[in-house]
Amino acid sequence: MPNIKLTSYGAAEEVTGSCHLLNVDGYRILIDCGLFQGGHENYLKNWEDLLFDPKNIDVVILTHAHLDHCGRLPKLYQKGYKGKVHATGPTIKLTQIVLEDNLQIMTEKAEKQKIAPLYSSADLMKLNISWLKSDYYQEVDLGNGISFKFHNAGHILGAAIVELKTPDKTIVFSGDIGGHHMPLVKDIDYIETADYVICESTYGDRIHEDLTDRNKKLLDAVKRVTLNNSTLLITIFAIERTQDILKVLNDYYESHLDFNVPVYLDSPMAAEATKIYQEELSYLNQEAQDTLQRDKDIFRFPHLKITNSSRDSKKINSTPPPKIIMAGSGMVEGGRMLHHFGRYLSDKRNHVLFMGYQVPGTLGSKVLGGDFDFDYYGRKVPVRAGVDQIDGFSAHADQNALLDWLEHFKNPQKILLVHGDAKVLPIFSQKIKEKLGHDSQVIELNTPISL
Ligand SMILES: [Zn+2]
């Protein structure tokens, strides 16, 4: 019987930095190698030495393109990893955009923060020649009696659950999982057989608002800008949420042709990512594919303007209200939304919509908390604008959807919890024991568990 050990080097009792090492009789498989995010202190952890030697890793499997899952992959190569990275086609394309963008942000910040970027474009190049593409449900043989298969995670385009088989065990890594009835991606796959399930817990203590509520809340805010002659700022995450929001706006604008408030998509990365959605149609759900057959571009509508250059971004300011600006980053730790905050937050007619979870410590979480003066390059900007949050566009399953997914496993030996806030994990673990009767445990950082 092989000796199997699992050790987490990130997203253990926290929400970011996903990095899990499975050692099967000395064959080392790394699942994800993501960035730590949320506040400066957390961010600095990315520069600390890795707690394992990348030279000893045999293979890497990447679940999806979010930065907190892929952000430290180039660092692996910088520190001597020479192997391959398995991922789905959309994940490979999206990760390239995400890491390029992140390198640019880190380079811009480098002088101010007095720390060099975490990786160079040469490290990124080493990663980009090491991809191995596998589609969902394709069995990939890793040798030594070990194989894996990707399943659809229903999270963002190309996101995968990893079902990994050793000679005598099945181990399932959830990656990040989504719920049902997402506007674009297909519903999550259920899996019935697993000895161990390593499950994310981001929303382990919360229930999302339902689909109609979230669309209504968004469209109410959109309509309000004409009544108040104001500016609506929508903080976006470049992948999935942006495309979901564009689809809702597309449907509204195309059925309300007299509504002519301009929408600025002020994020070159989001615009790039949107193109990949159009290239990877087979990964979209049937409804989205059908709509695309009729309406060539479900992400474009009258009055949508994409601003690529920073010059065009600055010009948005000279357009009088009403107007709507979608920009990143999602938690406003960088990106163009910072400048829009500087311009619009002090006017109480304006409104900010946060599209999802704000990690504590981020600027987004502070503005959302209210009673806060935003420091814009040394100038204090009082937060007077209305501030609101819509969780329903999150690509993460809420507590009900997580439990529903876990319930489909027949007799797992143990559910191991990762990717959750330290306060949320024990609550979710208890819920699993009570509702499903499965044994459950919270994984601790750098603490090997025998499977
Ligand atoms: Zn994710």
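Atoms within a ligand are numbered from 1 in the order they appear, just like the ligands themselves. No experiment lies behind these values; they were computed from the predicted model shown.
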Test item: Thr91 side-chain N/O and Gly158 main-chain N/O as donor-acceptor pair under 3.5 Å: yes
Expected output: side-chain Arg206 to main-chain Gln399 donor-acceptor under 3.5 Å: no
Quick check: does [X] put an N/O/S atom under 2.8 Å from the Zn ion (ligand 1)?
| X | value |
| --- | --- |
| Asp68 | no |
| His64 | yes |
| His396 | no |

Candidate pair Asp251 and Lys247, rule salt bridge (charged side-chain N to carboxylate O under 4.0 Å, His left out), full reasoning: CA-CA 6 Å; Asp251 295 350; Lys247 178 159 190 306; 3.4 Å; yes
Minimum-distance atom from the Zn ion (ligand 1) among N, O or S atoms of His66: ND1
Name of the Asp176 atom (N/O/S only) found closest to the Zn ion (ligand 1): OD2
Modelled atom types, side-chain donor and acceptor of His396 and His208, under 3.5 Å: no
Residue Lys45 excluded, over 12 heavy atoms near NZ under 6.0 Å: yes
